[in-house]
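Below, chains carry the letters A, B, ... as their sequence lines are ordered, and counting in each starts from 1.
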Amino acid sequence: MKKGDHLFLVDGSGYIFRAYHALPPLTRKSDGLPIGAVAGFCNMLWKLLRDARNTDVGVTPTHFAVIFDYSSKTFRNELYGEYKANRTAPPEDLVPQFSLIRKATQAFGLPCIEMEGFEADDLIATYARLATEAGGDTTIVSSDKDLMQLVNDTVSLYDPMKDKETRIPEVIEKWGVPPEKMIDLQALTGDSIDNVPGVPGIGPKTAAQLLAEYGDLDTLLSRAHEIKQQKRRENLIAHAESARLSRELVTLKKDVPIKEGLEDLVLTPTNGPKLIGFLKAMEFASLTRRVAEATDTDASAVEAAYVEVQKAEEAHGPDMDVTVTATAPGESSSGGDVTPVRGEEIDTPENLAKSRAAEISSLPIDHTAYTCIRDIATLQQWVALARETGTLALNALLNSNDPMQAELCGISIAIAPGRAAYIPLAHKERAEDLWGGGRLDGQIAEKEALEVLRPLLEDRSVIKVAHNLKQDWLALYRRGIEVAPFDDIMLISYVLAAGVNAHDLESLADKWLSHAPMSFKDLVGSGKAKITFDMVDLEHSTSFAAEHADIVLRLWEILKPQLVADRIVSVYERLERPLIPVIARMEHRGICVDRNILSRMSGDFAQQAAAMEDEIYELAGERFNIGSPKQLGDILFGKMMLPGGSKTKTGQWSTSAQVLEELAAEGLPLPRKIVDWRQVTKLKSTYTDALPGFIHPTTKRVHTSYSLASTTTGRLSSSEPNLQNIPVRTAEGRKIRTAFIAPQGRKLISADYSQIELRVLAHVAEIPQLTQAFADGLDIHALTASEMFGVPVEGMPAEIRRRAKAINFGIIYGISAFGLANQLGIPREEAGSYIKRYFERFPGIRDYMESTKAFCREHGYVETIFGRRAHYPDIRASNPSIRAFNERAAINAPIQGSAADIIRRAMVQIEGALADAGLSEIQMLLQVHDELLFEAPEELVETAIPLIRHVMEQAAGPVRALSVPLKVDARAADNWDEAH
DNA sequence: GTGGTCTCCTA
DNA sequence: GTAGGAGACCACA
């Protein structure tokens, strides 16, 4: 570098936050990737490189570099542990942009400089010094006051967003001191955002005045006793050390051991195609055009580059390593001393979401505008249109609710609000007998249609949107198509409003569009007269199906921005959306169930039940329907006048197992028999009789269906059949699990988290004894008992431990004396005293419960560790029992929900981890809340188990790593009973 | 046939 | 005390 050269140093990290807050949120069209700050950054770089002459700077650079913070931990933390300790994690939709902005810098062909242990400001200070020494000039592209100290005759600051340059006069004008005194000024004033202490009561005005009078900080501090104002004098004397420490913190380091010298920063001409490839990947159309013109590149000949988006865990940059503590939404403002510029033309994510909702919901829905696509040429036209808009809403119309069995009746699509169509594929002629005749003419064959649609469905640049996509995804997966990328409005709604409203399409259309879509039920009828969708005529089916896709598209336009406005993008993108293909593949695989074992058991149960029925009639003195609680209650408490009856809320005699057990304990034979009979008939009807009916005719396996959006807490649910409630507690019940088997040559691997909810509780409530106990691998229930009752863990009576265990579970469920008393069969007063003692031993738990309730009352929801929200608006109900119920649920939800999030994360990661280890033959089959069940070739079991365990145990981290270890037990066997 | 109630299976 | 799904019964249509 020589005289006349000009170095530009861009404060990349500062710019990221500034642009994020100042610019309207922008997302990549095709997949919703947030890119607002990236867009601002690219535009700024391009402007600096091309037109710097036309700005306040008035010069063009010869040397150029973009400087970043590596992390927020630097040598300053060693000086002062609290430095920047007030920072919170960056907003969700900003996180992916850290790495994108580094990639943008590289695409521009500019050096991207960062160094662990130093802030960007230190690197900037060092390069500015080197440039000055070499005789060159420096422009620092930033407006951070921390950099003002560097300004001199050859170094200036430039704010690209205000197009304003800061030289020596501007520093004096703004701060009242010349740049060389900025350090002393900052030492006095401190900085609440970076947590630089300074001297209390002294702001910039006073500091400037004092420095003008006394010259510098050291002189001021040594002569502080001369100051007239009492308070000011006292503060300066008392906080002299703090001022000196602050001076060290704010002084930028000018001798960082840099790797790249000035010669590495020489500006080279822009590589047009390289930059355009990146800009295209970001879908920045107008900048692409400008760069193409300026670099004389044919943009249409350049392919969009593949730009990988880093996960939050991998991203580094300012503040990424800050542990997030419970911060109420809206409270967190990242971005140093950035002043958000919010002109009238700039809008907040909230307002954007709101105006989008208003705009979309005002568009009328017109059924006559829908198209019925009946030939390939028309279909191809629609495919081309979808490529242009980059968005495709779709809905696969099936002739059955079971996507594993269903035939495809047709597919409806929408490419913009109001522009929707239906592609009938297998509709039948309506015959007299309602069961239909042959295939209706004028339909594209399924195979041909799918081959035309396939490139679109798999096109990385077209986002596919559906409501409950898993069903459509699975239907297409069965036909060899893997839809990607995609969004699911049901899951978006679930993330936004779990616990507030239903997420079915009708509810969403009503809520957001004030529109009642055509009723499916009216179309196909019900009961005996019910027909399948392929029997509906083309006019009605087009109306219905196209409207469905149209509504999905409109709702997506409304709901997607709402995720950004509510700052909850990452829950959707990391815990919900990626699970769709994972779960779809699990459902597709199914599990082997041995029909013979079940039918043998059914026979046994039938015999046992028949024998018991005879005895029961004998004891009762008459025949009656044992399965009827009403008749049974009349026999026991009416006819036989047994004592201890209690009533249900409708006034019926209760015949619950609990009541019957109490009677049996008094030696009465009939109640005992009834309990036994119930157990047998339950196992028979719900399991051994019902399960074989779910064995798929061709795969010969059972394919459950998981719902991703039906719980308030974030758990999955399983139905048709429910494989999350297969018996395990009694020996008789467990036998049912022996019917769940691995095929020849394979094994089932069951891996389950040990005590995951108690571990989560220990973490979120920060209970030292529990955290320590888990770290030491102790028996947590015995430890609780020991703490509570003063009994040593060694040789503890089983009954004591059982009580402690019940209390631990009670805590997770939002304990009440009533509930605990019921569970343990003890008086309510005794249960109350247990709870009292528990809270005395673990006061942190009560604090957690109280603060959780308070948070929920204030916000209407509670949050898991990962930010998932469970809404409980009724926590403010005036009815005490409704309120208490919601309070318990609110206490439970962060614990149950965080555990659910952790296993979701494990499920998302496991396929990739297995594939990377060459174990892709190992398949995940089932999830039972804290257990994952896999099927593996026998010879791979030993390699797989440690890997599965590792992924599951590490699934909470690294960003939200728990303060307790997670423990996973895993075992392999031929059937589920032995593996569990 | 549909919907409410009761009971019981799981984590 | 939390979170679910499902079968049987029964009153109602």
Side-chain angles (χ1 to χ4, degrees), chain A residues 498-499 521 525-530 624-633 647-660 674-675 677-687 689-691 694 704-707 710-730 732-734 736-737 752-758 761 806-824 828 831 834-835 849 862 870 872 881 884-897 899-900 903 926-931 980:
Chain A
K521 220 175 134 184
S526 69
K528 214 173 157 187
K530 190 170 175 179
F624 65 103
N625 187 343
I626 310 170
S628 162
K630 188 170 177 289
Q631 293 182 32
L632 179 62
K647 298 282 181 80
T648 67
K649 61 172 181 264
T650 49
Q652 289 285 319
W653 288 111
S654 169
T655 65
S656 67
Q658 195 183 357
V659 171
L660 298 181
I674 308 259
V675 169
W677 178 89
R678 279 208 183 139
Q679 193 203 359
V680 168
T681 53
K682 169 79 180 181
L683 294 175
K684 180 173 187 289
S685 66
T686 311
Y687 301 103
D689 285 353
L691 278 172
F694 288 101
T704 182
S705 172
Y706 285 102
S707 166
S710 64
T711 69
T712 313
T713 54
R715 275 192 175 178
L716 305 181
S717 77
S718 154
S719 63
E720 291 175 281
N722 180 356
L723 294 185
Q724 291 181 321
N725 71 345
I726 303 303
V728 70
R729 284 178 193 180
T730 64
E732 279 292 279
R734 276 192 84 112
I736 291 166
R737 293 194 173 216
D752 67 292
Y753 285 105
S754 160
Q755 322 257 33
I756 187 168
E757 294 192 349
L758 273 178
L761 173 69
I807 295 168
N808 277 333
F809 275 100
I811 294 294
I812 291 171
Y813 298 153
I815 202 153
S816 78
F818 182 83
L820 184 64
N822 251 342
Q823 176 68 31
L824 285 176
R828 202 182 313 176
Y834 282 3
I835 295 169
M849 290 182 160
V862 287
Y872 296 99
S881 70
F885 176 80
N886 279 274
E887 286 176 351
R888 291 194 296 271
I891 288 168
N892 174 256
I895 304 169
Q896 190 185 112
I903 198 164
L926 300 179
Q927 189 253 40
V928 191
H929 308 310
D930 65 1
E931 174 188 9
H980 183 73

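Within the nucleic acid shown, A:T648 comes within 4.0 Å of sugar-phosphate atoms alone, with no base atom in reach, counting heavy atoms only. Within the 4.0 angstrom heavy-atom criterion, no nucleotide atom of any strand lies near A:A831. Heavy atoms of A:Q631 sit under 4.0 angstrom from primed sugar atoms or phosphate atoms, though from no base atom. Among the atoms of the strands shown, base atoms are found under 4.0 Å from some heavy atom of A:R715. Counting any heavy atom pair closer than 4.0 Å across all strands shown, A:A657 reaches sugar-phosphate atoms only and no base atom. Residue-level contact check: A:L723 touches neither bases nor backbone, having no heavy atom under 4.0 Å from any strand. Contact annotation for A:R678: backbone-only contact, meaning every heavy-atom pair under 4.0 Å involves sugar-phosphate atoms and none involves a base. If you check every strand for non-hydrogen atoms under 4.0 Å, A:I815 touches a base.
Of all nucleotides in DNA chain B having an atom under 4.0 Å from a heavy atom of chain A, the first and last in 5' to 3' order are B:dT2 to B:dA11.
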**OP:** Verify side chain to side chain donor-acceptor pair (under 3.5 Å) between A:S719 and A:S705, making sure each step is shown before the conclusion.
**Re:** CA-CA 5 Å; A:S719 63; A:S705 172; 4.9 Å; no
Which atoms of nucleotides 11-13 of chain C (N or O only) lie under 3.5 Å from a protein N or O atom, and what are those distances?
none

Enumerate all atom pairs, one protein N or O and one N or O from nucleotides 5-8 of chain C, separated by less than 3.5 Å.
unit_1: C:dG5; atom_1: OP1; unit_2: A:S717; atom_2: OG; d: 3.1
unit_1: C:dG5; atom_1: O4'; unit_2: A:N722; atom_2: ND2; d: 2.9
unit_1: C:dA6; atom_1: OP1; unit_2: A:E720; atom_2: N; d: 2.8

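For A:S717 and A:S710, the side-chain atoms include at least one donor-acceptor pair closer than 3.5 Å.
Of the possible donor and acceptor atoms, none in the side chain of A:T655 sits under 3.5 Å from a partner among the backbone N and O of A:G633. Proximity of a side-chain donor or acceptor of A:N892 to a complementary backbone N or O of A:I812 within less than 3.5 Å is detected. Counting only distance, with no hydrogens or angles, the side chain of A:R737 and the backbone of A:P727 share a donor-acceptor pair below 3.5 Å. The backbone N or O of A:F624 sits nowhere less than 3.5 Å from a side-chain atom of A:Q631 that would complete a donor-acceptor pair. In terms of modelled atom types and a separation under 3.5 Å, the side chain of A:T681 and the main chain of A:R678 share a donor-acceptor contact. A distance-only check finds a donor-acceptor pair linking the side chain of A:Y706 to the backbone of A:Q927 [under 3.5 Å]. A donor-acceptor pair under 3.5 Å is formed between the side chain of A:S816 and the backbone N or O of A:G819.
Per the geometry, NE2 belonging to A:H929 stands 16 Å off P belonging to C:dT2, to the nearest Å. Taking atom CG of residue A:N886 and atom P of nucleotide C:dG1, one finds them 15 Å apart after rounding to whole Å. Straight-line distance from the CZ atom of A:F624 to the P atom of C:dC10: 12 Å, rounded to whole Å. When the C1' atom of C:dG1 is taken as reference, atom CG of A:N808 falls 13 Å away, rounded to whole Å. As rounded to whole Å, 14 Å separates atom P of C:dG4 from atom CD of A:Q927.
Listed by chain and residue number, nothing satisfies the salt bridge (Lys or Arg N to Asp or Glu O under 4.0 Å) test with A:R828 (two or more places apart in sequence, or in another chain). Annotation: side-chain contact (heavy atoms from CB on, under 4.5 Å) contacts of A:V675 (sequence neighbours excluded): A:L660, A:E661, A:R672.
Every pair passing salt bridge (Lys or Arg N to Asp or Glu O under 4.0 Å) that includes a residue from residues 712-728 of chain A is listed here, sequence neighbours excluded: A:R715-A:E757.
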